[in-house]
Amino acid sequence: MDAACSEIQEQLEARLNPQVLHSLHGRVRLCWSSAATDAVAFSLQHGTFRWQDAAASTDVTFYFESQPLMLGILLGSEDPIAAFMRGSFRSSGYLLWTFPLLTLFREATSR
């Protein structure tokens, strides 16, 4: 795994929202270019988050135009709807994963 993937993993893992984590089960790939190596993947099972080989089979793959856009969308500083409308953010697979993904790496809010 290259340094960019490791850095992305560190940033995302540091922002995991435990409130969302326990409600998700499946495997997700995040790609930020057309290069097969520009991707990370993870699995969520029974409240456990684990990184996995990006080439492994997943339930859904999310594609982003660039690494900064991906991090911006996942961490909450970019508008996912605007990115989708521009064609800069798309999904292949189970579309219902989109909204939980958008909350998975954001701070938990109290009610």
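We count residues from 1, following the sequence as given.
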Next on the checklist: For Arg106, is there any backbone N or O sitting under 3.5 Å from a side-chain donor or acceptor partner on Asn17?
Outcome noted: yes
Checklist entry - How far apart are the C-alpha atoms of Leu101 and Leu30, what are their side-chain angles, what is the distance that settles it, and do they pass the side chain to side chain contact (heavy atoms under 4.5 Å, CB included) test? => result CA-CA 10 Å; Leu101 176 74; Leu30 307 172; 4.1 Å; yes
Checklist entry - ring-ring contact (aromatic ring centres under 6.0 Å, His included) with His25: which residues, sequence neighbours excluded? => result His46
Using atom types as modelled, flag every donor-acceptor pair under 3.5 Å from a side chain in residues 77-93 to any protein atom, sequence neighbours excluded.
| unit_1 | atom_1 | unit_2 | atom_2 | d |
| --- | --- | --- | --- | --- |
| Asp79 | OD1 | Ile81 | N | 2.9 |
| Asp79 | OD1 | Ala82 | N | 3.3 |
| Ser88 | OG | Glu65 | OE2 | 3.2 |

Checklist outcome for this item: Shortest non-hydrogen pair, Ala39 vs Ala54, comes out as O-CB, 3.6 Å
Checklist outcome for this item: Sorted by chain and number, sequence neighbours left out, side chain to side chain contact (heavy atoms under 4.5 Å, CB included) with Ala14 holds for none
Next on the checklist: In the structure I gave you, are the side-chain heavy atoms of Thr48 and Leu44 within less than 4.5 Å of one another anywhere?
Outcome noted: no
Item to check | For Arg29, salt bridge (Lys or Arg N to Asp or Glu O under 4.0 Å) partners two or more places apart | outcome: none
Next on the checklist: Can you pull out every salt bridge (charged side-chain N to carboxylate O under 4.0 Å, His left out) where at least one residue sits in residues 5-27? Sequence neighbours excluded, please.
Outcome noted: Arg27-Asp59
Next on the checklist: For the backbone of Leu69 and the side chain of Ser66, can you confirm whether one donor and one acceptor N or O come within less than 3.5 Å of each other?
Outcome noted: yes
Checklist outcome for this item: Between Pro18 and Leu16, the two heavy atoms sitting closest are CD-O, 3.3 Å
Next on the checklist: Pair Gln11, Leu75 - check side chain to side chain contact (heavy atoms under 4.5 Å, CB included), show working.
Outcome noted: CA-CA 9 Å; Gln11 288 183 52; Leu75 301 179; 4.2 Å; yes
Checklist outcome for this item: Heavy-atom nearest pair, Ser57 first then Gln52, reads O-NE2, 3.5 Å
Checklist entry - With side chains defined as the heavy atoms from C-beta onward, is the minimum distance between Ile73 and Phe62 less than 4.5 Å? => result no
Checklist entry - Is there a side chain to side chain contact (heavy atoms under 4.5 Å, CB included) between Leu12 and Leu71 once you walk through the steps? => result CA-CA 8 Å; Leu12 294 178; Leu71 289 172; 4.0 Å; yes
Item to check | Aromatic contact, Trp51 with Phe49 (centres under 6.0 Å) | outcome: yes
Next on the checklist: Walk me through whether Leu74 and Leu104 qualify under side chain to side chain contact (heavy atoms under 4.5 Å, CB included).
Outcome noted: CA-CA 8 Å; Leu74 296 178; Leu104 185 59; over 6 Å; no
Next on the checklist: Is there a side-chain contact between Val60 and Thr98 in this structure, where contact means two heavy atoms from C-beta onward sitting under 4.5 Å apart?
Outcome noted: no
Item to check | Set of residues satisfying side chain to side chain contact (heavy atoms under 4.5 Å, CB included) with respect to Ser23, sequence neighbours excluded | outcome: Val20
Next on the checklist: Tell me whether Phe99 shares a hydrophobic cluster with Tyr63, the cluster being built from Ile, Leu, Val, Met, Phe, Trp, Tyr side chains joined at under 4.5 Å.
Outcome noted: no
